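Here the structure is a predicted model, which means the values were calculated and not measured.
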Amino acid sequence: MNLLNVFRLLRKDLRMGPRSPIFIWALIYPFVITLVVRGIFGGLFTPEPRLGIVDEGRSRVALRAQELDGIALTRCRDLPQLKQRVADNDLDAGLFLKKGFDRAVVSGRKPLLEFWISGQSLASQRIMLAMTTMDLIREVEGKPPPVKVVVNTTAENDELPLTARLIPFMVLFSLLIAGVLVTAFGLVQEREDKTLEALLVTPIRFSEVLAAKAGIGLILALLMSLLTLLLNNAVGSHPLMLSLILFLAALMAVEIGLIFGLTATHIKGLFTLMKTVNMIILAPVIFFIFPHWPQWIAKIFPTYWIIHPVFEMAVIQGGLSKISVDLTVTVAIVTLLILPIRMLSLKGRRTKG
């Protein structure tokens, strides 16, 4: 195999890639799916409590509230605007701090705390905002809160928000489009357009064509799956190990794409083949969305072994010991997939010859 020929073919495919709708879709997919999931499921199922504040005297309560995570803070112009926005349910609660509020609290005069709650806000949001406000006032007073809350996150899938459990689906679909579809589509299109035959009458070998198609799919799959995780704040605490896992995942996706591309003889046949096999490829993600289902069933599907370590490292943020078996199985699958690719490529080369 001549690596220079592979590089030239790869450069040509990258230059021609933006003309392909499949290539463009692979590039924009991470942004589209993130907007859809965060916009629908993130906003619908896990809304942040919305607190409005009118501060007449630069209170420490307002300043500290700006530093809090998990609360959407809005500064209102005056008291009438604050009350109106709470009444319209634009805010879950509103806090009015008069001038001199902090001095009154410190001196022990117990000033009136004006706190409005929207009638349409959730009970959990009301409790969170009320308790947070009281804790902030205690800080100004110089007294510790009556209790200390420590939030412990477990690694059980059913305790994760839906947006987190959808990350395996988003990543696997990125791999499917960029790794499988782009690789297979490029190869089949070359065959349909008769450009593959023109290439093979030159010194370029069939294996070099396959390597170039695999290269562009591998680059796209790795970058787009990583971008999907970055957009969803799911890189985890071991980015280098996560990158290695994504590389193996992208490699498996590209191998599947080569098998599809070598099997299908035309674009219509390729999409028919993908519709049939994609159910098997995407099946494991259902078990991350519904963690109460028997998880051993998911392990039957090959793509489980590339998605589970991504889920463990990026979402659960578990240790490396939890994915050692997954990586071993993934490497074995990637190695075994070389055999059908080799057989199909020999068949295709004989056909062209």
Would Glu56 and Phe96 satisfy side chain to side chain contact (heavy atoms under 4.5 Å, CB included), going step by step from the backbone distance to the final call?
-> CA-CA 8 Å; Glu56 292 186 336; Phe96 178 62; 3.4 Å; yes

Show your working on side chain to side chain contact (heavy atoms under 4.5 Å, CB included) between Ile177 and Met224 and close with a plain yes or no.
-> CA-CA 9 Å; Ile177 297 173; Met224 293 306 105; over 6 Å; no

Test Thr330 against Ile245 for side chain to side chain contact (heavy atoms under 4.5 Å, CB included), laying out the working first.
-> CA-CA 9 Å; Thr330 299; Ile245 295 169; over 6 Å; no

Please report the C-alpha distance between Ile117 and Val86 in whole Å, then the side-chain angles of each, then the deciding distance to 0.1 Å, and finally whether the side chain to side chain contact (heavy atoms under 4.5 Å, CB included) criterion is met.
-> CA-CA 7 Å; Ile117 295 178; Val86 173; 5.8 Å; no

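In this structure, Phe271 CZ and Thr276 OG1 are separated by 13.0 Å, a value rounded to the nearest 0.5 Å. Between the CG atom in Leu251 and the CD1 atom in Ile256 there is a gap of 10.5 Å [rounded to 0.5 Å]. With values rounded to the nearest 0.5 angstrom, Leu63 atom CG is found 10.5 Å from Leu136 atom CG. Residue Asp326 holds its CG atom at 7.5 Å from OG of Ser324, rounded to the nearest 0.5 Å. The CG atom of Leu227 sits 11.5 Å away from atom CG of Leu220, with the distance rounded to the nearest 0.5 Å. The CG atom of Leu262 sits 5.5 Å away from the CG atom of Leu344 when rounded to the nearest 0.5 Å.
The shortest non-hydrogen separation linking Ala249 to Ile306 is CB-CB, 3.9 Å. Of all heavy-atom pairs spanning Val334 and Leu248, the tightest one is CG2-O, 4.1 Å. Between Leu258 and Ala214, the shortest heavy-atom distance links the atoms CD1-CB, 4.0 Å. The two atoms that bring Gln189 and Ile267 nearest to each other are N-CD1, 4.1 Å, heavy atoms only. Between Ala264 and Val188, the closest heavy-atom pair is O-CG2, 3.9 Å. Shown here for Val235 and Leu242, the closest heavy-atom pair between the two residues is O-CD2, 3.0 Å.
Shown here are the ring pair (Phe, Tyr, Trp, His ring centres under 6.0 Å) partners of Phe31, two or more places apart in sequence or in another chain: there are none. Checked against side-chain hydrogen bond (donor to acceptor under 3.5 Å, both in side chains), Thr228 has the following partners two or more places apart in sequence or in another chain: Ser174. A search for side-chain hydrogen bond (donor to acceptor under 3.5 Å, both in side chains) contacts involving Asp88 returns Gln84, not counting sequence neighbours. By the side-chain hydrogen bond (donor to acceptor under 3.5 Å, both in side chains) test, Thr133 is found to be paired with no residue, residues two or more places apart in sequence or in another chain being considered. Residues satisfying the side-chain contact (heavy atoms from CB on, under 4.5 Å) criterion with Ala253, sequence neighbours excluded, are Leu175, Val180. Gln66 pairs by the side-chain hydrogen bond (donor to acceptor under 3.5 Å, both in side chains) definition with nothing, not counting sequence neighbours. Residues passing the ring pair (Phe, Tyr, Trp, His ring centres under 6.0 Å) test with Tyr304 are His308, sequence neighbours excluded. Judged as a salt bridge (charged side-chain N to carboxylate O under 4.0 Å, His left out), and not counting sequence neighbours, the contacts of Arg75 are Asp55. The ring pair (Phe, Tyr, Trp, His ring centres under 6.0 Å) test applied to Phe173 returns Tyr29, Phe169, not counting sequence neighbours.
At distances below 3.5 Å, at least one donor-acceptor pair connects side-chain atoms of His266 with backbone N or O atoms of Gly269. Proximity of a side-chain donor or acceptor of Arg85 to a complementary backbone N or O of Pro80 within less than 3.5 Å is not detected. The backbone N or O of Leu337 sits nowhere less than 3.5 Å from a side-chain atom of Arg342 that would complete a donor-acceptor pair. Without hydrogens or angle criteria, Gln81 side chain to Arg77 main chain gives a donor-acceptor distance under 3.5 Å.
For the pair Thr183/Phe260, no side-chain contact is recorded, criterion being any heavy-atom separation below 4.5 Å from C-beta on. In this structure, Leu97 and Val54 have side chains that are not in contact, with every pair of non-hydrogen atoms separated by 4.5 Å or more. Residues Ser118 and Leu91 have side chains not in contact (no heavy-atom distance under 4.5 Å, counting atoms from C-beta outward). Taking the side chain as every heavy atom from C-beta outward, Pro168 and Leu172 never approach each other to under 4.5 Å. For the pair Ile333/Trp305, a side-chain contact is recorded, criterion being any heavy-atom separation below 4.5 Å from C-beta on. Annotation: side chain of Thr74 is not in contact with side chain of Ile53 (no heavy-atom distance under 4.5 Å). Taking 4.5 Å as the limit, some side-chain heavy atom of Phe288 sits within range of a side-chain heavy atom of Ile307. The shortest side-chain heavy-atom distance between Glu190 and Val209 does not fall under the 4.5 Å cut-off.
Sequence neighbours left out, not one pair with a member in residues 216-227 passes side chain to side chain donor-acceptor pair (under 3.5 Å). Judged as a salt bridge (charged side-chain N to carboxylate O under 4.0 Å, His left out), the pairs with a partner in residues 92-104 (not counting sequence neighbours) are, in order, Arg50-Asp92, Lys98-Glu114. Sorted by first then second residue, the salt bridge (charged side-chain N to carboxylate O under 4.0 Å, His left out) pairs that include residues 258-285, not counting sequence neighbours, number zero.
Residues Trp296 and Phe287 share a hydrophobic cluster, clusters being chains of Ile/Leu/Val/Met/Phe/Trp/Tyr side chains in contact below 4.5 Å. Note: the hydrophobic cluster containing Ile286 also contains Phe311 (ILVMFWY, side chain heavy atoms under 4.5 Å, direct or indirect links). A single hydrophobic cluster is seen to contain both Val171 and Val32, as judged by linkage of ILVMFWY side chains at heavy-atom distances under 4.5 Å, directly or through other members. In this structure, Leu82 is not a member of the same hydrophobic cluster as Leu113, with clusters built from ILVMFWY side-chain heavy atoms closer than 4.5 Å. Residues Leu35 and Ile167 do not share a hydrophobic cluster, clusters being chains of Ile/Leu/Val/Met/Phe/Trp/Tyr side chains in contact below 4.5 Å.
Taking the charged nitrogens against the carboxylate oxygens, Glu139 and Arg60 have no contact shorter than 4.0 Å, which rules out a salt bridge.
Residue Phe115 places its CZ atom among more than 12 non-hydrogen atoms of other residues, nucleotides or ligands, all under 6.0 Å distant.
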